[in-house]
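First up is the structure itself, then whatever we jot down about it.
Below, all heavy atoms of this structure are taken into account, side chains as well, without hydrogens, waters or symmetry copies. In each ligand, atom 1 is the first atom listed, and ligand 1 is the first ligand listed.
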Amino acid sequence: MKIKKAVIPVGGLGTRFLPATKAQPKEMLPIVDKPAVQYIVEEAVASGIESIIFITGRNKKSIEDHFDKSVELELLLEEKQKVDILKEVQQISSMSNIHYIRQKEPLGLGHAVLCAEQFIGDEPFAVLLGDDIMISEKPALKQLIDTYHRTQQSVIGVKKVAMEDVSKYGIIDPGSKFGQVHSVKDLVEKPAIANAPSDLAVMGRYILNPSIFSYLKSIELGVGNELQLTDALRLLCQKERLVALDLIGKRYDIGDKVGYLKAMIEVALQREDLNDSLLSYLEKLVETERTQNSVYRSKLNKNKKISSASS
Ligand code: G1P
């Protein structure tokens, strides 16, 4: 069955990016000149998704405005004959069928996915999380969809992470492996290093059979007092089969400040119009930082020598 629908939960408060997210959703923070959420929608559309449902919360109206038609702006751009940017703006509002449901209580990712049950009905569907920006030749979601068609089983995208980071993610307990596909024996949400079954972390891309909804209804609140999608997947992999695909591509965790800055710089470097000037700026900056640091280090060493000589 074709995967036509995708769920994008955007209800989170974005507390890690305060004060920037006090009056705007974190999903609207730009990576260069495009809001982060547009990268997610573009990935879904490029993977063949036809309808998207955003699970929103308070303070998220600008996401709806962004994907809506902006008549005044289009008229203005037309008058000023800004043809290229006009085309880009028009394209955003015609990208996909977009729907919105409000998640009334902040009960976590599992609860957000459950809010989409009526919209999804009885077909397999995709979930994409906005904190994970994937840049790859073949869209990450398309990689999962192709795996779903081969295996006919729910699929989650994974990547290896450093052991000290396992407690930030859902971590799988992998079984046998064929090519890039692992069978999943179990998974655990945000384990302590000592309890992590592997270093393979769930990367915010899922293709799920609709049976996930019944598992979501039977779990209790988990980590962070929230309904965790990982806990429902745990039930799913006990009752039916679940596989994990090693995603190919670069992933940025834009829920993290350094991850966000990396995404901003690397995406800009990939742009022809920005590469030259940004690269020469960065080269100069690194050079200056290096010389200043070495001056600083030699001053520090000198001071150390003086103080040890006088003691
Ligand atoms: C969520 C999921 C987690 C997954 C992560 C990927 O966690 O619960 O299993 O590994 O996204 O980014 P969150 O980052 O929303 O706490």
Side-chain angles (χ1 to χ4, degrees), residues 6-17 21 25-27 29 36-37 39-40 43 54-57 60 103 106-116 126-135 140-141 143-144 154-174 182 184 186-193 195-208 212 215-216 219-237 242-247 249-260 262-263:
V7 178
I8 307 183
V10 290
L13 294 174
T15 41
R16 279 190 283 177
F17 272 83
T21 49
K26 66 172 174 174
E27 295 79 10
L29 293 177
V37 68
Y39 289 84
I40 305 288
E43 180 189 325
F54 279 111
I55 314 298
T56 71
K60 304 284 175 170
Q103 182 182 13
L107 285 177
L109 177 59
H111 179 251
V113 173
L114 198 48
C115 291
V127 177
L128 299 97
L129 304 187
D131 276 351
D132 299 301
I133 299 286
M134 293 289 310
I135 306 283
L141 191 67
Q143 297 175 34
L144 289 191
S154 297
V155 195
I156 51 183
V158 292
K159 261 184 174 294
K160 265 183 192 292
V161 294
M163 262 337 257
E164 63 261 32
D165 287 336
V166 289
S167 59
K168 295 183 191 163
Y169 300 99
I171 300 291
I172 67 160
D173 183 2
H182 308 261
V184 178
D186 197 2
L187 61 170
V188 45
E189 181 68 9
K190 304 196 172 72
I193 299 183
N195 303 331
S198 75
D199 58 356
L200 289 171
V202 179
M203 283 294 137
R205 297 292 183 277
Y206 311 76
I207 303 294
L208 302 173
I212 192 71
Y215 301 121
L216 280 168
I219 55 169
E220 317 238 303
L221 296 179
V223 172
N225 237 1
E226 295 183 337
L227 271 193
Q228 294 293 347
L229 180 58
T230 301
D231 292 342
L233 286 168
R234 199 166 191 190
L235 288 185
L236 184 144
C237 78
L242 173 67
V243 296
L245 176 74
D246 281 327
L247 290 172
K250 185 95 203 212
R251 175 252 178 184
Y252 301 97
D253 175 9
I254 60 158
D256 169 78
K257 282 175 196 157
V258 175
Y260 177 70
K262 283 183 187 167

Only one of I156, V155, V113 forms a side-chain contact (heavy atoms from CB on, under 4.5 Å) with Y206, so which one is it? I156
List the closest protein heavy-atom neighbour of atom 5 (C) of ligand 1: residue, atom name, distance to the nearest 0.1 Å. V202 O, 4.0 Å
Sub-4.0 Å protein heavy atom next to atom 15 (O) of ligand 1: no
Do L247 and L144 come within less than 4.5 Å of each other through their side chains, counting heavy atoms only? yes
Looking only at protein heavy atoms, which one is nearest to atom 8 (O) of ligand 1, and what is the separation? E189 OE2, 2.7 Å
How about K262: does its NZ atom have over 12 heavy atoms from other parts shown lying under 6.0 Å from it? no
Give the atoms of ligand 1, by number and element, whose distance to some non-hydrogen atom of G170 is under 4.0 Å. 3 (C), 4 (C), 9 (O), 10 (O)
Shortest protein heavy-atom distance from atom 7 (O) of ligand 1, along with the residue and atom involved: K190 NZ, 3.3 Å
Give the residue and atom name of whichever protein heavy atom lies nearest to atom 11 (O) of ligand 1, and the separation in Å to one decimal. L129 CD1, 3.3 Å
Polar side-chain atom of R251 near backbone of I135 as donor-acceptor pair, under 3.5 Å: no
the protein heavy atom lying closest to atom 12 (O) of ligand 1 turns out to be D132 OD2, 2.8 Å
Please indicate whether any nitrogen or oxygen in K168 is less than 3.5 Å from any nitrogen or oxygen in ligand 1. no
Looking at E189 and R234, is there a salt bridge between them, counting it only when a charged N and a carboxylate O are closer than 4.0 Å? no
